[in-house]
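Okay, here's the structure, questions in a sec.
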Amino acid sequence: MEEAALHIDVLSLFPEMVEGPLGQSILGRARQRGIIQVKVHNIRDWTTDKHHRTDDYLCGGGQGMLMKPEPIFAAVEELRRPDSLVVLLTPQGRMFQQSIAQDLAVLGRHLIMICGHYEGVDYRVVEHLVDMELSIGDYILTNGAIAAVVVIDAVARLIPGVLGDARSPEDESFSQGLLEAPAYTKPNVFRDMAVPEILLSGNHPAIDQWKREKALERTRINRPDLYEQWIREHGK
């Protein structure tokens with residue numbers, strides 16, 4: 001088996017929440033073929049007390065519990081390599097976008113992903129271990145394992161060989177700064193609803209033009225922020 005093109009170590013209190021989704025479908029097959037390597041670790045394995053405690057009360061008071069720094073530091077220091085990038089999944093992070101996924105999908109790179117839980121992690125982890133903080137949206141999840149799966153999926157599918165068609169990522173939403181154009185399949189007519197005739201014409205330049213116009217229209221309606229950015233960069 002060839003050396004994996006992307007190595008990811010995930011640190012979580014709930015490894016099964018990561019392993020389950022990443023063992024299915026396209027990513028599951030990519031892991032079996034060795035294109036990507038994902039190892040999921042339980043942060044408790046780096047605790048040193050008899051109760052394997054990973055959290056404690058907040059200094060200065062406050063609701064909830066905070067993840068302790070000791071096991072996280074020990075885990076990262078054991079797993080880190082010269083080419084490692086340490087990523088913390090947190091609501092306080094940069095908003096995850098396709099452009100960031102492309103930046104992370106560097107062949108041969110090693111990602112260490114820390115999944116927060118409770119009220120997050122001791123800030124010394126952020127200050128002294130983490131290279132990048134990422135959020136997948138302006139909402140709160142039960143823990144970072146769910147967010148880690150989202151990021152891994154988006155990054156891994158950009159690795160050559162993971163998708164069946166190497167061109168697929170180029171045609172998807174966000175890859176060109178716009179949402180994807182509407183797509184149709186057979187039957188050509190379903191309940192009196194017909195596939196647009198242009199898509200059945202065989203005129204590929206005209207089809208490409210139609211797709212571009214529909215992508216712009218769809219982006220304008222659903223994501224006006226992306227549409228305005230596109231207009232600023234490309235004009236009408």
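Remember, it's a predicted structure, so these values are computed and weren't measured experimentally. Numbering starts at 1 and runs along the sequence shown.
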Per side-chain contact (heavy atoms from CB on, under 4.5 Å), M132 is matched among D103, L88, L104 by L104

Could you walk me through whether L129 and I112 satisfy the side chain to side chain contact (heavy atoms under 4.5 Å, CB included) test, starting with their C-alpha distance in whole Å, then the side-chain angles of each, then the deciding distance to 0.1 Å, before giving a yes or no?
CA-CA 10 Å; L129 282 183; I112 299 176; over 6 Å; no

>> Once rounded to the nearest 0.5 Å, what's the spacing between atom CD1 of I198 and atom CG of D208?
In response: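 Interatomic distance, I198 CD1 to D208 CG, rounded to 0.5 Å: 10.0 Å.
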
Over 12 foreign heavy atoms within 6.0 Å of CD, Q63:
no

**Asked** Are the side chains of V150 and L141 in touch, meaning some heavy atoms are under 4.5 Å apart?
**Response**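 They are not in side-chain contact.
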
Can you find a pair of side-chain heavy atoms, one from C115 and one from L13, that are under 4.5 Å apart?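 Not in contact.
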
Hey, what's the ring geometry for H7 with H110, parallel, tilted or perpendicular (30° and 60° as the breaks)?
perpendicular

Subject >> Sidechain-backbone polar pair: R157 side chain, L163 backbone, donor-acceptor under 3.5 Å >> reply: no

For this session: Decide yes or no on side chain to side chain contact (heavy atoms under 4.5 Å, CB included) for L199 and I207, but give the supporting numbers first.
Result: CA-CA 6 Å; L199 297 180; I207 291 173; 3.9 Å; yes

Show, in sequence, the C-alpha distance, side-chain angles and deciding distance for R29 and I35, and conclude whether the side chain to side chain contact (heavy atoms under 4.5 Å, CB included) test is met.
CA-CA 9 Å; R29 292 193 293 271; I35 300 174; over 6 Å; no

Heavy atoms of L226 and G177 approach each other most closely as CB-O, 4.1 Å

Taking every non-hydrogen atom, the tightest pair across G116 and V121: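 So the minimum-distance heavy-atom pair works out to CA-CG1, 4.3 Å.
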
Does the side chain of L27 reach to within under 4.5 Å of the side chain of V162, using non-hydrogen atoms? yes

Check your understanding: Are more than 12 heavy atoms from other residues, nucleotides or ligands located less than 6.0 Å from atom CG of D49?
Key ->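 Atom CG in D49 is crowded, with more than 12 foreign heavy atoms closer than 6.0 Å.
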
- Check whether more than 12 heavy atoms from other residues, nucleotides or ligands sit under 6.0 Å from atom CD of E16, and answer yes or no.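 Check passes, neighbour count above 12.
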
- Task: Using the rule that two of Ile, Leu, Val, Met, Phe, Trp, Tyr join whenever any of their side-chain heavy atoms come within less than 4.5 Å, decide whether Y139 and V151 are in one cluster.
- Result: yes

Check: For I100 and M95, which heavy atoms make the closest approach, and how far apart are they?
Finding: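 The answer is CD1-O, 3.4 Å.
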
For the side chain of D131 and the backbone of V86, is there at least one donor-acceptor N/O pair under 3.5 Å apart? yes

Heavy-atom closest pair (A101 atom, A154 atom, distance to 0.1 Å) is CB-O, 4.1 Å

Co-membership, hydrophobic cluster, residues V126 and L58, 4.5 Å side-chain |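 No, because V126 and L58 fall into different hydrophobic clusters, even though each may have its own neighbours under 4.5 Å.
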
Could you grab the distance from atom NE2 of H52 to atom CH2 of W46, nearest 0.5 Å is fine?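 If I round to the nearest 0.5 Å, the distance is 13.5 Å.
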
V130 reachable from L66 in the ILVMFWY side-chain graph, under 4.5 Å edges: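 Each belongs to a different hydrophobic cluster.
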
Lys/Arg N to Asp/Glu carboxylate O, E127 vs R124, below 4.0 Å: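 Here E127 does not pair with R124 in a salt bridge, since their nearest N and O are not under 4.0 Å apart.
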
Distance check, rounded to the nearest 0.5 Å: S84 atom OG versus L111 atom CG?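 Going from the OG atom of S84 to the CG atom of L111 covers 8.5 Å.
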
Margin query: So, taking the atom named CD1 in I231 and the one named CG in L216, what distance separates them when rounded to the nearest 0.5 Å?
Written below: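 With rounding to 0.5 Å, CD1 (I231) is 6.5 Å from CG (L216).
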
State, to 0.1 Å, how close A215 and L179 come at their nearest heavy-atom pair, and which atoms those are.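 That closest heavy-atom pairing would be CB-O, 3.3 Å.
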
Just wondering, do T48 and E70 contact through their side chains at under 4.5 Å, heavy atoms? no

Requested in this report: Check whether F96 and V106 end up in the same hydrophobic cluster, where Ile, Leu, Val, Met, Phe, Trp and Tyr are linked by side-chain heavy atoms less than 4.5 Å apart.
Outcome: no

Margin query: According to a hydrophobic-cluster definition based on side-chain heavy atoms being under 4.5 Å apart (Ile, Leu, Val, Met, Phe, Trp, Tyr only), do M67 and I146 belong together?
Written below: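 Yes, same cluster.
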
Practice prompt. Using a 4.5 Å cut-off on heavy atoms from C-beta on, say whether the side chain of K68 contacts that of T47.
Written response: no

Are any of the side-chain heavy atoms of I72 and D122 separated by less than 4.5 Å?
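Heavy-atom side-chain distance check fails, nothing below 4.5 Å.
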
inquiry  = Contact between E217 and I221 at the side-chain level, heavy atoms closer than 4.5 Å - yes or no?
reply    = yes

### Message
With rounding to the nearest 0.5 angstrom, report the CD1 to CG distance, I140 to N143.
### Response
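I140 CD1 to N143 CG: 12.0 Å, rounded to 0.5 Å.
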
Going by heavy atoms in the side chains, are R53 and M65 under 4.5 Å from each other?
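Answer yes - side chains close enough.
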
Rounded to the nearest 0.5 Å, the CE atom of M17 sits from the OG1 atom of T142 at a distance of 6.0 Å

Quick one: does R109's side chain have a donor or acceptor within less than 3.5 Å of a partner on L85's backbone?
no

Which heavy atom in A156 sits nearest to a heavy atom in I36, and how many Å separate them?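 What the structure gives for the nearest pair is CB-CD1, 3.8 Å.
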
Exercise. Fit a plane to each ring of H117 and F14, take the angle between them on a 0 to 90° scale, and name the class: parallel (under 30°), tilted (30 to 60°) or perpendicular (over 60°).
Key: perpendicular

